[in-house]
Each structure stands twice: as C-alpha cells, then as structure tokens.
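Here is the structure we will look at.
Within every chain, numbering begins at 1; the chains are lettered A, B, ... in the order of the sequence lines, protein sequences first and strands thereafter.
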Number of protein chains: 2
Amino acid sequence: MTAQRRVVAEVLDGEHVHLTADEVHSRAVTKLPEISRATVYNTLGELVSLGEVLEVATDKRAKRYDPNAHRPHHHLVCARCGAIRDVHPTGDPLADLPASERFGFTVSDVEVTYRGVCPNCAAA
Amino acid sequence: MTAQRRVVAEVLDGEHVHLTADEVHSRAVTKLPEISRATVYNTLGELVSLGEVLEVATDKRAKRYDPNAHRPHHHLVCARCGAIRDVHPTGDPLADLPASERFGFTVSDVEVTYRGVCPNCAAA
DNA sequence: AATCAACTTGGACTGAATCCAATGCGGGGG
DNA sequence: CCCCCGCATTGGATTCAGTCCAAGTTGATT
C-alpha cells in the first residue's frame, strides 16, 4: 500500500460517481501532484481484479470506474449526455436465461444497461 | 447504393457473427480491393442509424457489429476468448425496472450482457 | 455533354489505454 | 544503522480504434 494507491482509493471512495481513468487521475493529482497516469491505470486495474471496483463500458469512449462493487446493481445511462445512475431492478436476469440458451457456457455474471433520456436532456 | 455499400452489407449478411469494423474492412477488401476504412466506418454508421445493424460494445476493445438487428436479443460473452453468442432470455428486463428506479428518465431500451466461460475455454 | 451533389479516398489526427526501460523507494537482513 | 533487493512508479513512446478533412470520383439529371 503506497501513497499513490491510497490516493486513488480515496478519490474513488470520495465521490460516488462513475469517473473515467483520466478523471480519477486529475483528481488524484490535486492530492499528490507527481502521480502518473500509468500508476492510476495500474491501480485501477488492480482494484478491478480485487473486485473492489467495477469497470463500466456503457459507451465506447473511456471506461468508467464504479466504486460501488459490493452491492449488485445495474446502470441507467442517458443517451444524450451520458449521465449514469445506479439502479436496482427487481428480478434476477440470470434466472431468465434458460439452460437451452447457455450453449454450454458457465454463466457467472450479467450486466444490464438501461438506456433513455434523463430529465435534464428531455427538458432541453 | 454504391458498390462499396453493397459490399459492406454483403459482408455483414454473409457471416452471422459479430465482426469488428476492421474485420468488416478486411473482408470487404477481398471483394473490392480499393475500399477504404473510412468508407466502411461511414457505411456501418449509416446502417446503425437505419436500424439495420446493432453496435455491441461488450469489451472496451473495438465495437462489434451485429447484423441480427430485427429480432430482439441479448449477448453471451466468453470472458476468456471474447466469443459472442446471441441469446434470447425469457422475461422483459424493462418491466423489472420500477418507476421509482427510473429517476425521471424516459427509458427506451435495455441491453443485457451475460458473461461466462465458453465450453472451449473451460476445456482448455 | 455539363453540372452538381453525394460518395469515396487516404492520410493526418485524436483519445484512450498499454508497454517498457529507467528510476525511486522501503523494509528486512546483516 | 546501512545496504541491497524487489516491487512500485514514472513518463514517454507506442498501439489501437475511430474520426476528420480536403481533394478527387462518380453518377444522376437535365
């Protein structure tokens, strides 16, 4: 546990939004000016493999990092502005995939992305 | 409708797999050697806005293009090799998102990605 | 045959992410 | 207490996907 990793963890923990790696980096820089982008990427990668943080790839722009890895949830994305909210649907989508549709895969996870237009963009 | 667009459409129609733009391009080149990457991107973009083809962004590598746009379906992705299969779950995930979880969004679409390990990779 | 708009081309450019060689740092053994 | 080794960090170069743009073609219309 180095100063750099602590700073990255703090940034993620501080704001419960979905930051890009570059956003994490620029916030980290304010706390530890000499931290490099490579280290942010490394640390984010480790946090992801530790299961502490989730990668979200809702658009094909930058990946976003979701610190809320422990409570299962899905995402609601605005098609206009890209805003992301965590949502908790009822029901279990995994149960909706019958064995005949699994093609021998060992299915371990499911990711649901709802798309729509947020109130802000709808008003504009 | 130009020769270039016909070729792109043929490539997509020919193999019902999920190709990247570059894969579409290299297949298109075998049929029409002077076709450029830019044209493939343009044409894919148009097909997407016409609703003839779907973009799939399962990982953060290249977008993939799914010619099966007319029958609603979702995707099952192998976490190891990246293979993608179309699947048809039962139930309607849109119905599983209560109004209280919509935060005022006009929700129009939902995309479900199942992740697991395919039989091939499980064997290896 | 002339005109003009739409399409295509290819090369430059951008943004995101990764790679890599060099440097720095910290903790354990002497 | 100091040195040394290994791991972490750095930052610059590189890759990869995708977009942009100015110039060149094509083809439809008249």
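- No contact: B/Lys60 has no heavy atom under 4.0 Å from any strand.
- Separating the CZ atom in A/Arg80 from the CG atom in A/Asn120 is a distance of 11.5 Å, to the nearest 0.5 Å.
- You'll find a donor-acceptor pair under 3.5 Å spanning the side chain of A/Arg37 and the base of C/dA17, going by distance alone.
- Nearest nucleotide to the side chain of A/Gln4, out of C/dA16, D/dT9, D/dC20: D/dT9.
- One atom, CG of B/Asn42, and another, P of D/dT26, lie 18 Å apart when rounded to the nearest Å.
- Minimum atom distance to the side chain of A/Arg5 is reached by D/dA8, of the listed C/dA17, D/dC20, D/dA8.
- Atom CD in B/Glu34 sits roughly 18 Å away from atom P in D/dG24 (whole-Å rounding).
- The residue among A/Ala38 and B/Leu32 whose nearest nucleotide of DNA chain C is located toward the 5' end is B/Leu32.
- Between A/Cys118 and B/Phe103, every side-chain heavy-atom pair lies at or beyond the 4.5 Å cut-off.
- What separates CG of A/Asp22 from P of D/dG11 is a distance of 15 Å, to the nearest Å.
- The two residues B/Pro67 and B/Leu12 make their nearest non-hydrogen contact at CG-O, 3.5 Å.
- The side chain of A/Tyr41 has C/dT18 as its nearest neighbour among D/dA17, C/dT18, D/dG18.
- Closest approach to the B/Ala62 side chain among D/dG11, D/dA17, C/dT8 is made by D/dA17 (side chain taken as heavy atoms from C-beta onward).
- As a whole-Å value, the separation of B/Asp59 CG from D/dC16 P is 14 Å.
- Among the atoms of the strands shown, base atoms are found under 4.0 Å from some heavy atom of A/Thr39.
- Taking atom CZ on B/Arg61 and atom P on D/dT15, their separation rounds to 14 Å, with Å as the unit.
- Listed pair B/Thr20 / D/dA17 fails the phosphate criterion, with no side-chain N or O lying under 4.0 Å from OP1 or OP2.
- Between B/Ile35 atom CD1 and C/dG10 atom P there is a gap of 10 Å when expressed in whole angstrom units.
- Put simply, A/Lys63 has a side-chain N or O that comes within less than 4.0 Å of OP1 or OP2 on C/dT18.
- B/Glu55 places a side-chain heavy atom less than 4.5 Å from the side chain of B/Tyr65.
- With hydrogens and angles disregarded, a donor-acceptor distance shorter than 3.5 Å links the side chain of A/His25 to the backbone of A/Ile35.
- Atom pair B/Arg6:CZ and C/dC7:P shows a separation of 15 Å (rounding to whole Å applied).
- A straight line from CD of B/Glu55 to P of D/dA17 spans 15 Å, rounded to a whole angstrom.
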